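Working notes, beginning with the structure itself.
Just so it is clear, the values below take in all heavy atoms, side chains as well, and ignore hydrogens, waters and symmetry mates. Remember, it's a predicted structure, so these values are computed and weren't measured experimentally. Reminder, nothing fancy here: chain letters follow the sequence lines and each chain counts from 1.
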Amino acid sequence: MEYNFNDIEKKWQQFWDEHKTFKTFDDFSNKQKFYILDMFPYPSGSGLHVGHPEGYTATDIVARYKRMKGYNVLHPMGWDAFGLPAEQYAIQTGTHPSVTTNSNCDTFRRQIKSLGLAYDWDREINTTDPCYYKWTQWIFTRLYNTWFDVKQQKGRHISELEIPDEIRKQGKEAIRKYTDDKRLAYYDNAQVWWCEHCRIVCANEEVLNDGSHEKCGNIVTRRNLKQWMLRITDYAERLLKGLENLAWPEGIKEQQRNWIGRSTGADVDFEIKGLGKKLRVFTTRPDTLFGATYMVVSPEHEWVELITTDAYRQAVKEYIHKASLKTDLDRTDLAKEKTGIFTGRYAINPVNGQEIPIWVADYVLTGYGTGAIMAVPAHDERDFEFAQKFNLPVNCIMDPADADPVLRDKVLAGNACWTEDGIYINSAHETLGISINGLNKEKGIQTIIKWLEEKELGKATVNYKLRDWLFSRQRYWGEPFPVIHWEDGEIEVLGDDQLPVTLPGLKKFEPGPDGESPLANAGEWLVVEKNGRKGRRETNTMPQWAGSCWYYLRFIDPGNDAEPSSKEKEKYWMPVDLYIGGAEHAVLHLLYSRFWHKVLYDLDIVSTDEPFQKLFNQGMILAFAYETAGGAKVSADLIEEREGRYFHKHTGAELKQIIAKMSKSLKNVVNPDDVVRQYGADSLRLYEMFMGPLDVIKPWVDSGIKGVFGFLNRVFKFFSNPENTGQDNEDPEILKGLHQTIKKVSQDIENLRFNTAISQMMIFTNLCIKKEKVTKETAETFARVISPFAPHIAEELWSLYGHKTSISCEQFPEADEFYLQTDSYEYPVSFNGKLRFKLELPLDMPEQEIKKAVTGNPQAEKWIAGKQIKKIIVVKGKIINVVT
RNA sequence: GCCCGGAUGGUGGAAUUGGUAGACACGCAGGACUUAAAAUCCUGUGACCAGUAAUGGUUGUGCGGGUUCAAGUCCCGCUCCGGGUACCA
């Protein structure tokens, strides 16, 4: 029978749809649950690309397999549909973003369905649906009404915040300020990144390290705006600790750890001479206090003016002004030429009473630590560089005893910087009662911190690189904040009964004046009045991350209008057992979600501390592209191939084949629709899995899909022919192969190694074709084995064998060890590690006899002749090695 | 600079705890079918050397060392490529 994939696939997709084959029931009774989730897509206008089906097919195989193994499987799909492109399109054409979004979702849904993915479509969600974002707003109000109790390391309701008496005495305003300073969501004047091109505020995370906006590549600038912020920094420690028990790729965990950037050290107070104030610095190297020869405060430090003496005031002012004009790009410029200026003021080093100058320099950052440092040029590269430039003293206090002697001399003389371990010198003060001379780094740090704490000059502290999360955007197409700004300055966050705050209809979607959100033009929607008090709605909207921070909870109970998801269902389904998506979300989405989830956990809304138990990243799919000798890229439709070389159709120049990301400009984009049309969904699924391991980056090769297409043709031709499947008694070799295949495929699915599972099925099919006949039982078993990978063809075969129900409701076969046992083994026999011949021997043969059998074998003579056998190594069932 | 990955035939990639390197597939070559082509099927295919041939030998997992009876796999030192990050005190 011909393999007519088109008819087969349409037929079964319709069958699944009509019978709701993959509907998930909340069967809390006996079945074990398995929640398997894809990172839901942003439905862009260009539709699915071949990268999407990679992860989706992988989860689909696991979902189908687990279902056949008797699990209650939750495998949903939805749309992360707020976002810029729909809004930009609205600005250009006046089409409401919801119209664009809905039509894009329709395209995505159609395309995804055409791949035969086993989703429960009754659970489809859309972040732009008011029934969905009602709960995004609801969670925001929870964040607003939560503070983080540092002692308990736990978020608690704001009503449980104790107000200190001294604050209480100052009255209502002070209490409000005190409370607002603790809330996890707060409204604050923030220095924000501004992208002039997109006219949008960006989070730190959305700005690339060259200072450009990740979405458009435009260079961003700084602006001061009132913005909503989320106090993710409070959860830094929890977010760090929580990583320990997660089955995530080590690399991703490491990226999150680096992003959080925990570092331990000490806060140390330096008395400022003539001011009666103490300047606090953070340092990871309190042991180098004796080498501190100057101090630096950042240009934005709140005491800069205070510290600066009159003689230096003008110069410092000019310096700060210049620094404020610099973008972060300039500040972290490649050249990194350090700049700075003396304030005229001195501080007193607490370990030895020495007076050291205080400088202002922009190599010290405002947002980290205390925004001020003690500088130890002898033992810190940055300080050393600065000291060299401004002729500040370099005072070596650590002898690099084990270093290269030339370098050591330079370090001791203050002509080089040493940051590694060594032995302290010049690090004692008799009257102050401190000495670390002769100790090493680890001991030195301990000793100094202990001394500082005793003398109340400082204390051990921990700092994080992680910053609070800038949570508002000046856009229309996002979740509105459930917030009213009253005319008297009070901020009111709406109660649950007033949610959702829906987006108003607009005619024009251009941003408001001065970078304000388009919602600033929303007229009546903006105005609120209550008992004669006037207010204005918040015009910012939430960033795109908001909706994706908790969507996995909504899939559990998508229709619930009383809660984000019911407690009972949440408890049953959470956590997500397997989460698959791209590594580009290594920090942002995955860190934000974990943060929200932990807050919800603290508030007893969810039952697990972490949302995603196991995470896996699929590798990107690239495609061939072409470039000229000069490196100019040539679009794929201008290529001519001759004898394995590539030439430009017009110029005739020889081109180099390279591997690059798929892009419109290179015209090397592969469209899944085309692939499905030409080879069918089963072939696309199989090829994406057969290309290589799921987690590696790999190029799309057209000829590769022909290979799996050929395989499916052979499978269908052979197994659909009753003449081939009418054997009465099964051949032992087939039985062995079949059970090997069941075993290998099961193991490989569990370990997400689909490429080798497919290869095993190919081997088995080749064996069947060679043997020409199998039993019906074998054919039915194999259909079940292949069904998670190529579900359409498997359903078709299954119905050809006379079954009326879906194969996806069948049990996955179990491998029977009985058929896998063997009693003899063909040993590879090596001499001095080199394979010389093979020898079939019983597996239960004692070692002594194996040795005899080897040395007595005629083939061995040649290799033993004239030599002494030193020993014979026998690894049972593996290898024999004769050493001469 | 720092952190994390990676490097195996012409190509994508296989190879439990160290134990037959190159499974499976693509490509290529030869053959069958065909008037021809496509499709399909069969055979061969890391490189080098010897042999008419069956076969035999040498060599071979980015480079240089080491451990071991045995190294793609473990250790030390590099090179190149990809990703993240960047004055975080």
Side-chain angles (χ1 to χ4, degrees), chain A residues 208-210 249-259 261-263 265 281-286 288 296 298 328 331-334 336 338 361-376 379-383 385-386 463-467 583-584 586-587 617 619-620 622 624 644 657 659 687 690-693 695-708 710-711 713-714 717 747 753 755-763 765-766 769 826-838 862 870-875 877-884:
Chain A
L208 301 179
N209 51 18
D210 64 351
E250 239 352 276
I252 301 289
K253 288 207 226 178
E254 201 52 36
Q255 269 190 59
Q256 291 219 347
R257 285 191 195 107
N258 290 341
W259 194 265
R262 182 183 204 269
S263 62
V281 301
F282 171 71
T283 173
T284 54
R285 294 292 305 276
T288 59
V296 185
S298 74
D328 256 28
R331 266 176 117 162
T332 63
D333 202 359
L334 297 169
K336 276 184 202 166
K338 287 195 170 47
D362 65 5
Y363 83 91
V364 171
L365 307 174
T366 314
Y368 185 78
T370 61
I373 62 157
M374 65 175 203
V376 186
H379 307 291
D380 181 286
E381 303 274 2
R382 297 152 299 183
D383 298 343
E385 201 189 309
F386 190 83
N463 255 293
Y464 302 91
K465 275 199 263 186
L466 186 70
R467 304 294 162 81
E584 66 271 23
V587 275
N617 298 116
M620 213 189 313
L622 309 176
F624 289 121
Q657 188 181 54
I659 290 171
Y687 176 55
F690 187 62
M691 288 170 85
D695 55 343
V696 307
I697 297 177
K698 45 214 171 259
W700 181 276
V701 184
D702 276 322
S703 56
I705 191 153
K706 286 182 192 146
V708 292
F711 165 65
N713 268 287
R714 283 194 294 280
K717 264 189 202 150
Q747 283 173 353
R753 297 187 337 196
N755 54 333
T756 49
I758 293 165
S759 136
Q760 180 62 39
M761 292 188 284
M762 287 171 167
I763 293 170
T765 305
N766 291 345
I769 291 169
E826 193 182 35
Y827 280 95
V829 182
S830 346
F831 290 79
N832 294 327
K834 281 182 183 164
L835 174 74
R836 296 305 179 184
F837 60 89
K838 289 182 184 176
K862 183 176 166 187
K870 290 203 189 106
K871 64 174 158 179
I872 301 177
I873 287 144
V874 176
V875 184
K878 280 264 167 67
I879 201 170
I880 297 164
N881 191 15
V882 182
V883 187
T884 59

Report the base-pairing partner of [N] (Watson-Crick or G-U wobble, both distances below 3.5 angstrom), or none.
N: U55(B); answer: A50(B)
N: G27(B); answer: U45(B)
N: G77(B); answer: C63(B)
N: U17(B); answer: none
N: G82(B); answer: C4(B)
N: C87(B); answer: none
N: U40(B); answer: A32(B)

Indicate the atoms forming the closest heavy-atom contact of [X] with [Y], along with that distance.
X: Val296(A); Y: Val364(A); result: CG1-CG2, 3.5 Å
X: Ser830(A); Y: Ile879(A); result: OG-CD1, 3.9 Å
X: Asn258(A); Y: Lys465(A); result: O-CE, 3.6 Å
X: Ser298(A); Y: Thr366(A); result: OG-OG1, 3.4 Å

Nearest-Å distance once atom [atom1] is located in both [N] and [M]:
N: A89(B); M: A14(B); atom1: C1'; result: 49 Å
N: A21(B); M: U16(B); atom1: C1'; result: 16 Å
N: U8(B); M: A29(B); atom1: C1'; result: 24 Å
N: C41(B); M: U73(B); atom1: P; result: 38 Å
N: G1(B); M: A70(B); atom1: C1'; result: 40 Å
N: C63(B); M: A15(B); atom1: C1'; result: 23 Å
N: G56(B); M: G22(B); atom1: P; result: 15 Å
N: G12(B); M: G82(B); atom1: P; result: 16 Å

For this session: Just do the side chain to side chain contact (heavy atoms under 4.5 Å, CB included) check on Ile373(A) and Tyr363(A) with the steps written out, would you?
Result: CA-CA 10 Å; Ile373(A) 62 157; Tyr363(A) 83 91; 3.8 Å; yes
Please report the interatomic distance [atom1]([X]) to [atom2]([Y]), rounded to the nearest 0.5 Å.
X: Arg262(A); Y: Arg257(A); atom1: CZ; atom2: CZ; answer: 12.0 Å
X: Glu385(A); Y: Lys338(A); atom1: CD; atom2: NZ; answer: 3.5 Å
X: Gln256(A); Y: Leu466(A); atom1: CD; atom2: CG; answer: 10.0 Å
X: Leu835(A); Y: Asn881(A); atom1: CG; atom2: CG; answer: 10.0 Å

Ignoring the backbone of [X], work out which of [options] is nearest its side chain.
X: Val364(A); options: U20(B), A89(B), U85(B); answer: A89(B)
X: Arg836(A); options: G57(B), A89(B), C87(B); answer: G57(B)
X: Glu254(A); options: A89(B), C24(B), C4(B); answer: C4(B)
X: Lys878(A); options: C24(B), G19(B), C3(B); answer: G19(B)
X: Phe282(A); options: A25(B), A14(B), A89(B); answer: A89(B)

Exercise. Taking protein heavy atoms under 4.0 Å as touching, what does nucleotides 5-13 of chain B look like 5' to 3' if B marks base contact, S marks sugar-phosphate-only contact and - marks none?
Worked result: -------BS
Exercise. When you check every protein heavy atom under 4.0 Å of nucleotides 64-69 of chain B, what one-letter string (B, S, -) results, 5' to 3'?
Worked result: -----B
For [N], does either OP1 or OP2 sit under 4.0 Å from a side-chain N or O belonging to [X]?
X: Lys834(A); N: U59(B); value: yes
X: Tyr363(A); N: A89(B); value: no
X: Arg714(A); N: C41(B); value: yes

Problem set entry | Aromatic ring pairing Tyr368(A)/Phe282(A), orientation class (parallel under 30°, perpendicular over 60°, tilted between) |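 Perpendicular, since the angle between the ring planes exceeds 60°.
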Exercise. Angle class for the Trp700(A)/Tyr687(A) ring planes (parallel below 30°, perpendicular above 60°, tilted otherwise)?
Worked result: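 Answer is perpendicular, since the angle exceeds 60°.
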Could you tell me the separation between the [atom1] atom of [X] and the [atom2] atom of [N], rounded to a whole number of Å?
X: Leu835(A); N: G56(B); atom1: CG; atom2: P; result: 11 Å
X: Lys338(A); N: A89(B); atom1: NZ; atom2: C1'; result: 11 Å
X: Tyr464(A); N: A89(B); atom1: OH; atom2: P; result: 13 Å
X: Ile252(A); N: C3(B); atom1: CD1; atom2: C1'; result: 13 Å
X: Ile879(A); N: A15(B); atom1: CD1; atom2: P; result: 18 Å
X: Asn766(A); N: U40(B); atom1: CG; atom2: C1'; result: 15 Å
X: Gln255(A); N: C2(B); atom1: CD; atom2: P; result: 18 Å
X: Met762(A); N: A25(B); atom1: CE; atom2: C1'; result: 6 Å

Exercise. Any idea if G56(B) is syn or anti, going by the 90°-from-0 cut?
Worked result: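 In terms of base orientation relative to the sugar, G56(B) is anti.
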Exercise. If each of Lys838(A) and Gly704(A) is mapped to the nucleotide of RNA chain B with the nearest heavy atom, which maps nearer the 5' terminus, i.e. the 5' end?
Worked result: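 Per heavy-atom nearest nucleotide, the more 5' residue is Lys838(A).
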Exercise. Ser830(A) or Ile758(A): which one's nearest nucleotide on RNA chain B is closer to the 5' end?
Worked result: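 In this pair, the answer is Ser830(A).
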Exercise. Donor-acceptor pair, Asn463(A) side chain versus Ser263(A) backbone, under 3.5 Å?
Worked result: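 Judged by distance alone, no pair lies under 3.5 Å.
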For this session: Ignoring hydrogens and angles, tell me if any N or O in the side chain of Thr765(A) forms a donor-acceptor pair with the backbone of Met761(A) under 3.5 Å.
Result: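 Judged by distance alone, yes, a pair lies under 3.5 Å.
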For this session: Classify the nucleic acid contact of Ile763(A) as base, sugar-phosphate or nothing, counting any heavy atom under 4.0 Å across all strands shown.
Result: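 The answer is sugar-phosphate, as Ile763(A) gets under 4.0 Å only of primed atoms, P, OP1 or OP2.
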